[in-house]
Asker: 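Quick one: the structure is below, questions incoming.
Residues take their numbers from the sequence shown, with the count starting at 1.
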Amino acid sequence: MPDQNVDVTFGFDPDGNTRFTFDPPEVPMRDKGRVIFHRRPANASWTFVVGIVKNDSAEQFSSALRGDGKKLHIHDEHTELGRYEYMIIVKLGGQYFPSPDPVIVNEPGMEAE
C-alpha cells in the first residue's frame, strides 16, 4: 500500500473552542510507509509541530516535519497490527494546540489475503 494522505484543517468554533478535521479520520496501513498530513487550506497561518502516536509499545512510529511545518509525516514501520490513536500538535500565533485522537489502523498486508 502506498503512502497515505490526510488533509487537516484547524480553526475555532464560534465559542472559541479548537476544531480539527482529518480527512480521512481513520487511515488504513497495510505495509510500512508514511502518513502524510497536508495543511488545509495550504496557505493557512498555522503550522504542524509534531505527531505523536499513543501506546506505541513497539516503537514503530516516528514523525518528521516537512516544508517548515506545512506538512507532517508519520512513518509507520508496520511491525504490529492494531488501531493506534494519534495526536497532532499545531502552532498558531505562538500558541500550541493538540488535536483530538484520530486513528491509524495497521491491517494485515496484501500477502495475507
Asker: Please check this pair: side chain of R66 against backbone of H73, looking for a donor-acceptor N/O pair closer than 3.5 Å.
Answerer: no
Asker: Hey, does V50 have a side-chain heavy atom less than 4.5 Å from the side chain of Y96?
Answerer: no
Asker: Does some side-chain heavy atom of S62 sit less than 4.5 Å from a side-chain heavy atom of I74?
Answerer: no
Asker: Determine whether I52 and V49 fall in the same hydrophobic cluster, where Ile, Leu, Val, Met, Phe, Trp and Tyr are linked whenever their side-chain heavy atoms lie under 4.5 Å apart.
Answerer: yes
Asker: Quick check for you: to the nearest 0.5 Å, what is the distance between T18 atom OG1 and F12 atom CZ?
Answerer: 7.0 Å
Asker: Is there side-chain contact between N106 and F61, with heavy atoms separated by less than 4.5 Å?
Answerer: yes
Asker: Are any side-chain N or O atoms of D15 and backbone N or O atoms of N17, one a donor and one an acceptor, separated by less than 3.5 Å?
Answerer: no
Asker: Are F22 and S99 packed together at the side-chain level, in the sense that at least one heavy-atom pair is separated by less than 4.5 angstrom?
Answerer: yes
Asker: How many angstroms lie between CZ in R34 and CG in N5, if you round to the nearest 0.5 Å?
Answerer: 9.0 Å
Asker: Of all the heavy-atom pairs spanning A58 and E80, show the shortest one and how long it is.
Answerer: CB-CG, 3.3 Å
Asker: What closest approach, in Å, do N55 and Y84 show between heavy atoms, and which atom pair accounts for it?
Answerer: O-CE2, 3.8 Å
Asker: Tell me if a side-chain donor or acceptor on H78 pairs with a main-chain N or O of M29 at a distance below 3.5 Å.
Answerer: yes
Asker: Honestly curious: do L65 and F97 fall in one hydrophobic cluster under the side-chain, below-4.5 Å linking rule?
Answerer: yes
Asker: Less than 4.5 Å apart, side chain to side chain, heavy atoms only: is that true for I89 and K91?
Answerer: no
Asker: Starting from V27, can I reach L81 by hopping between I/L/V/M/F/W/Y residues whose side chains sit under 4.5 Å apart?
Answerer: no
Asker: Out of curiosity, does F48 fall in the hydrophobic cluster containing I36 (side-chain heavy atoms, cut-off under 4.5 Å, transitive links)?
Answerer: no
Asker: Is there a side-chain contact between T47 and D68, using heavy atoms and a 4.5 Å cut-off?
Answerer: no
Asker: Rounded to the nearest 0.5 Å, what's the gap from CG on L92 to CZ on F10? Could you check?
Answerer: 5.5 Å
Asker: Any chain of hydrophobic side-chain contacts (each under 4.5 Å) joining V105 to V8?
Answerer: no
Asker: Yes or no on side chain to side chain contact (heavy atoms under 4.5 Å, CB included) for D76 and V35, after CA distance, side-chain angles and deciding distance?
Answerer: CA-CA 8 Å; D76 182 353; V35 179; 5.5 Å; no
Asker: So, the side chain of Q60 versus the backbone of T79: is there a donor-acceptor pair under 3.5 Å, distance only?
Answerer: yes
Asker: What are the two closest non-hydrogen atoms of L72 and S63, and how far apart are they?
Answerer: CD1-CB, 4.2 Å
Asker: Mind checking whether R40 and D23 have side chains closer than 4.5 Å, heavy atoms only?
Answerer: no
Asker: Closest heavy-atom contact between R30 and P108?
Answerer: NE-O, 3.3 Å
Asker: Is it the case that the side chain of D31 and the backbone of G109 share a donor-acceptor pair, with hydrogens and angles ignored and the cut-off at 3.5 Å?
Answerer: no
Asker: Side chain of R39, backbone of A44: donor and acceptor closer than 3.5 Å?
Answerer: yes
